[in-house]
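One structure is given here, and the rest of the page talks about it.
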Amino acid sequence: MRAVGIILAGTKKGGLGILASHRNNAAMPVGGAYKVIDFNLTNMSESGIKSVAVISQYNTRSLSDHISSSKWWNFGRKNSGIFLLTPDMLNSDSFSFKGTADAIYQNIHFLTKSTDPYVVITPADQIIRVNYQDVIKYHMEKKADITLLYKDTNDVDLTNYGVMELDEDSRLINFEEKPLEPQTSNVSLGIYVFERKLLIELLEEIAKEGRNSIVDDIIIRYRKRLKIYGYRFDGYWKAIKDIKNLYQANMDFLNPKIKYEIFEEKSYVYTKAKDDPPVKYSRECSVKNSILNGGDIINGNVENSVLSRKVFVGEGAVIKNSVIMEGCTIGRDAVVENAILDKNVLISSGHKVIGSADDIKVIEKDYII
């Protein structure tokens, strides 16, 4: 069934600290070769969605650079594409979005110009693999007005998420946003399926009343008037809300079971291609359970780590349980452990950067130690 996609990449999350100071959260590097938004774009593409709006307002340059050519996600065809949308300067009180619903409403022309019957809305800052055709089919079978994806889990702090209460038919009874005392463990993933015309009507209606939130002003407010259903998702899911989430997501990719589910079970994950030479290994180097990328030069020891492209590791250097982003240099006999190094960091010979499992050390872009 035909649908258009909307990826919400406008939120600025302080939990990512200095790593988000110069890039949009959706453009956060993960897994060595990818950006977080790649997983959302791949899901859309593999689900047959041809037209996707990426709505953003913070650090859009980094995001624009990455998605400037839609061909990498198979959107570069007639009547398809990726469209980066920002706040409306002419018709908005300020050059910003007041909430998730307002972000879509300020760009409502994307919906009004479409003829596709459904809309899939998803946040940009989470790692998940899902076929939206299955969700739309469920939505149609339930004759739902809105369908929300959820995961029954106790692996996250429920007070940081929306929590859903459903009846025996999976219809929404109650929705609590970041409750102090959660009544269930059904975590909303922030992914919604709407009928396009209904979404337009709802956005126009709440805009007249000065309301701006999908959760507060549509899901919670209309939960008794509309037929809202939950679609249970049981696969891998990680929301990149803070440093701990980002670090854990990278470490998860070293787990063969998770790696298979994310990258091989459904399809490859698409990303913008880079023309780099293959990894170069010296005879003395040692690499164990790690992800390396094009342009890396490995002369030292790498264990349980994720390295992006063009990383240099000197002789005798040790990298362990760490995430090393593009263009970093680890000097001779240097040690990096339990750390995240942003782009172009230089760790001079003999120096050490050591964090702990509970306190990941983060080094900002272009820093020299």
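These numbers come from the heavy atoms of this one structure, side chains and all, not from hydrogens, waters or symmetry mates.
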Given the rule that I, L, V, M, F, W and Y join up when any side-chain heavy atoms are under 4.5 Å apart, are Val313 and Val323 in one cluster?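 Val313 does not cluster with Val323.
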Linked, directly or transitively: Ile206 and Leu198 (ILVMFWY side chains, under 4.5 Å):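 Ile206 and Leu198: one cluster.
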Take Tyr222 and Glu205 through the test side chain to side chain donor-acceptor pair (under 3.5 Å) and record every step on the way to the result. CA-CA 12 Å; Tyr222 285 85; Glu205 186 172 333; 2.8 Å; yes
Row check, Tyr161 ring normal vs Lys241 NZ/CZ: under 6.0 Å, within 45°: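 Geometry flag: set, cation within 6.0 Å and 45°.
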Ignoring hydrogens and angles, tell me if any N or O in the side chain of [X] forms a donor-acceptor pair with the backbone of [Y] under 3.5 Å.
X: Asp359; Y: Ser356; answer: no
X: Ser188; Y: Tyr150; answer: no
X: Ser185; Y: Asp152; answer: no
X: Gln57; Y: Phe97; answer: yes
X: Asn255; Y: Met251; answer: no
X: His66; Y: Ser64; answer: no
X: Arg196; Y: Ser114; answer: yes
X: Arg129; Y: Ser267; answer: yes
X: Asn24; Y: Ala9; answer: yes

side-chain contact (heavy atoms from CB on, under 4.5 Å) with Ile228: which of Thr147, Ile218, Leu172?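 Passing option: Leu172.
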If the test is side-chain contact (heavy atoms from CB on, under 4.5 Å), which one of Asn74, Leu41, Asp38 qualifies with Tyr270?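 When Asn74, Leu41, Asp38 are each tested with Tyr270, the side-chain contact (heavy atoms from CB on, under 4.5 Å) holds only for Asn74.
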Is there a side-chain contact between Lys238 and Gln248 in this structure, where contact means two heavy atoms from C-beta onward sitting under 4.5 Å apart?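 In contact.
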Between Phe263 and Tyr34, ring centroids under 6.0 Å: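 That pair passes the under 6.0 Å test.
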Are the aromatic ring centres of Tyr132 and Tyr118 under 6.0 angstrom apart?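 Judged by ring-centre distance (under 6.0 Å), Tyr132 and Tyr118 do not meet the cut-off.
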Salt bridge between Lys227 and Asp145, side-chain N to carboxylate O under 4.0 Å?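 A salt bridge is absent here (no side-chain N lies under 4.0 Å from a carboxylate O).
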Considering residues, nucleotides and ligands other than Glu181, do more than 12 of their heavy atoms fall under 6.0 Å from its CD?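 No - once you tally the heavy atoms of other residues, nucleotides and ligands closer than 6.0 Å, there are 12 at most.
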Could you check whether atom CG of Asp358 has more than 12 heavy atoms from other residues, nucleotides or ligands sitting under 6.0 Å from it?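 At most 12 heavy atoms, drawn from other residues, nucleotides or ligands, come within 6.0 Å of this atom.
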Say you draw a straight line from CZ of Arg309 to CG of Leu292; how long is it, rounded to the nearest 0.5 Å?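 Result: 14.5 Å between the selected atoms.
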